[in-house]
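Okay, structure first, notes after.
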Number of protein chains: 2
Amino acid sequence: MIHAILLYEDNKLLRESVCSLLGMADEYEIKGAFADCSLVEKQVALHNPDVILMDIDMPGVNGIEAVKKIRAFNQSAQIIMLTVFDDSEHVFNALRAGANGYLLKKDISDKLIDSIDEILTGGAPMSPVIARMVINSMQQQQKVRDNYKLTRREGDVLHLLSKGNSVKMIANALGVSIDTVRTHTKNIYDKLHVNSQTEAVSKALNEKLV
Amino acid sequence: MIHAILLYEDNKLLRESVCSLLGMADEYEIKGAFADCSLVEKQVALHNPDVILMDIDMPGVNGIEAVKKIRAFNQSAQIIMLTVFDDSEHVFNALRAGANGYLLKKDISDKLIDSIDEILTGGAPMSPVIARMVINSMQQQQKVRDNYKLTRREGDVLHLLSKGNSVKMIANALGVSIDTVRTHTKNIYDKLHVNSQTEAVSKALNEKLV
DNA sequence: TTGTAAATACCCAAAAAGGGTGAGTTTTTT
DNA sequence: AAAAAACTCACCCTTTTTGGGTATTTACAA
């Protein structure tokens, strides 16, 4: 089966080199190669591509915005970002917007074909350094966790608080008096250096304490 | 440079096949191959490996616990999980615990060597299906976001609430009266179907609304 | 055995939040 | 220009939360 591909890349040289790279593989067909995203919705709707290769930094509509526009009506196209940006801001915004893979331009010649294969079989191709960033972002969260030395019971209370439970509900759930829960929350406030339920929950969730 | 590797895998057959696989590459040296993690701390401390290959499902201490133990004193070893589990529970727990890569056993023969290379150069090797899960988990979060139709001001208020600010602080920050902020919070409660600050913050943070 | 930490519970007073209503002003949309 | 939506503010009343204490029982460790 031949897979349809759309390419968005404002740099003419790179656009053409990607085209010729893919031209050599006869299981792919480039249905279009565009220098900007002004008509991205129509183009995607028209060609219904299997894979979209999307630059981020383009004049007019940038690639991340384009991804959002595409995802508003199409969830099936597989989108790989092709870009020079390896900062977390760009990476996470692109992935959150709905991109399925993220290749740095320096890896294109090496890995583009493999990445397209991979994305079509359900994978999520990423440049190694990008993959590491994604993993790191998950781990950073965890690290803060062990630093407050909550007791088991305090942990229970904070957990329930973070689920949106009121003190009354927690007392009921744990089978203790409201005042007991209050004592625990006070101790939690001390340990987290906060002084309200909302702040505790905010800190707990923002730092993945629960 | 020769890289030191430790292997934890309770299945004898697989353990030996990984050993022989790595034995063929002369830039790696398996310093130890163990069937359980009971002595993992001592072994890691002793051999100070560059890479640790870790099964999840092992008798006694499981691989995820082992990773936590290792990370308590060693951040430099690169840890790749080798497992059959491709459910999000196992994957995310392992990655959060501090694993740097996650290979499904079915991909070992194909990708183990590549993955070790990749992890040593700062990448985060993952089986394609795992990479996709990680990406998906970032996107899922985003999806819920657009469903509550908060006004701009309500969004501001919810954002500040989620940072742990009190109503008083928010009123001050936005330069409006306390009652105004209270009105906004009440409207937010209606839209989120909650009825307390804590619940709103919980929902906002758990569903990545902010 | 004697501390010490944890979990439990209670009291009081002040502050904040929750729920409701009404209403004027500004912005946006049509 | 008119209508709709958003933003603003104020007041009422009730419930919850917070901050400051004190105190008992259990459990585990020095």
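Quick note on labels: first sequence line is chain A, next is B, and so on, each numbered from 1. Everything numeric in this text was worked out from a predicted model, so none of it was measured.
Counting heavy atoms of neighbouring residues, nucleotides and ligands inside a 6.0 Å radius, atom NZ of A:K105 exceeds 12 of them.
Atom CG in B:D190 sits about 15 Å away from atom C1' in D:dA6, given to the nearest Å. The separation between B:N165 atom CG and C:dA17 atom C1' is 16 Å, rounded to whole Å. A straight line from CG of A:N187 to C1' of D:dG20 spans 13 Å, rounded to a whole angstrom.
A:D50 places a side-chain N or O within donor-acceptor distance of the main-chain N or O of A:A4, the cut-off being under 3.5 Å. Side-chain N or O atoms of A:S202 include none that pairs as donor or acceptor with a backbone N or O of A:T198 at under 3.5 Å.
Ring geometry for A:H90 against A:F85 counts as parallel: the plane angle stays under 30°, on a 0 to 90° scale with 60° as the upper cut.
Of the residues in residues 166-179 of chain A, those lying under 4.0 Å from DNA chain C by heavy-atom distance are A:V176, A:S177, A:D179.
A donor N or O paired with an acceptor N or O is not found under 3.5 Å between the base of C:dG20 and the side-chain atoms of B:R182. Checked by distance alone, B:K186 brings no side-chain donor or acceptor within 3.5 Å of a matching partner on the base of C:dG18.
Regarding contacts with the backbone of C:dT8, a side-chain N or O of A:H184 is found under 4.0 angstrom from either OP1 or OP2. OP1 or OP2 of C:dG18 lies within a sub-4.0 Å distance of a side-chain N or O belonging to B:Y189. For A:T180, no side-chain nitrogen or oxygen approaches OP1 or OP2 of C:dA7 to under 4.0 Å.
When side chains are defined from C-beta on, A:E154 does not count as touching A:T185, because their heavy atoms never get closer than 4.5 Å. For the pair A:L160/A:L174, a side-chain contact is recorded, criterion being any heavy-atom separation below 4.5 Å from C-beta on.
Here B:S196 lies in heavy-atom contact (under 4.0 Å) with sugar-phosphate atoms only. Within the 4.0 angstrom heavy-atom criterion, only backbone atoms of the sugar-phosphate kind lie near A:N195; the bases stay farther away.
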